[in-house]
Amino acid sequence: MTKRELVKRVQEKIGDYPPKDIAYVVHLIFEAMNAALKRGERIEIRGFGNFTVRNRRQIQGRNPKTSVVINLPARKVPFFKVGKDLNDMVNRYR
């Protein structure tokens, strides 16, 4: 699902607001989530999951084409852990 499709589905559910306003609200939500993750905060959406930032240590990688060893610096990466309710719902449709 793309951001545009999300806006369209919310518009279908609510209907009272123009798509431009709904797109703005969706944008604000994602912007707030991005800002929280940049600050290293945890985002918990009950029934959906948790977004956190994890630290990755420095590792040595290898260019598969040339076999040259390169050092990859330590970095932070976003991580999502699915919630139990969402996991159960997805697995119910197997």
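Taking CG of Leu37 as the reference point, atom OG1 of Thr52 lies at 8.0 Å (rounded to 0.5 Å). With values rounded to the nearest 0.5 angstrom, Asn55 atom CG is found 11.0 Å from Arg75 atom CZ. Interatomic distance, Phe79 CZ to Arg56 CZ, rounded to the nearest 0.5 Å: 8.0 Å. Here Asp85 contributes atom CG and Arg46 contributes atom CZ; the two are 10.5 Å apart, rounded to the nearest 0.5 Å. Atom CD1 in Ile43 sits 4.5 Å away from atom CE in Met33 (nearest 0.5 Å). Expressed to the nearest 0.5 Å, how far CZ of Arg39 lies from CG of Asn34 amounts to 10.5 Å.
In this structure, Glu5 does not pair ionically with Lys3, as no charged nitrogen and carboxylate oxygen lie closer than 4.0 Å. A salt bridge does not link Asp88 to Arg92: none of the charged side-chain nitrogens sits closer than 4.0 Å to a carboxylate oxygen.
Atom CZ of Phe80 has more than 12 heavy atoms from other residues, nucleotides or ligands within 6.0 Å.
Hydrophobic clustering, with ILVMFWY side chains joined whenever heavy atoms are under 4.5 angstrom apart, groups Val82 together with Val53. Neither Tyr24 nor Val26 shares a network with the other; the hydrophobic side chains, linked directly or stepwise wherever heavy atoms of I, L, V, M, F, W or Y lie under 4.5 Å apart, form separate groups for each. A continuous path of hydrophobic side-chain contacts links Met1 to Val7 [ILVMFWY only; heavy atoms under 4.5 Å].
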Would Arg62 and Ile70 count as a side chain to side chain contact (heavy atoms under 4.5 Å, CB included) if you check the C-alpha gap in whole Å, the side-chain angles of each, and the deciding distance to 0.1 Å? CA-CA 6 Å; Arg62 185 173 53 85; Ile70 55 173; over 6 Å; no

CA sep, side-chain torsions, deciding dist, call: Leu6, Thr2, side chain to side chain contact (heavy atoms under 4.5 Å, CB included): CA-CA 6 Å; Leu6 176 62; Thr2 64; over 6 Å; no

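Here the shortest heavy-atom pairing between Phe48 and Leu86 reads O-CD2, 3.5 Å. Nearest heavy-atom pair, Asn50 versus Ile45, reported as atom, atom and distance to 0.1 Å: OD1-N, 4.4 Å. Residues Gln58 and Leu72 approach most closely at CG-O, 3.0 Å, considering heavy atoms.
In this structure a side-chain-to-backbone donor-acceptor pair under 3.5 Å is missing from Asp21 to Tyr17.
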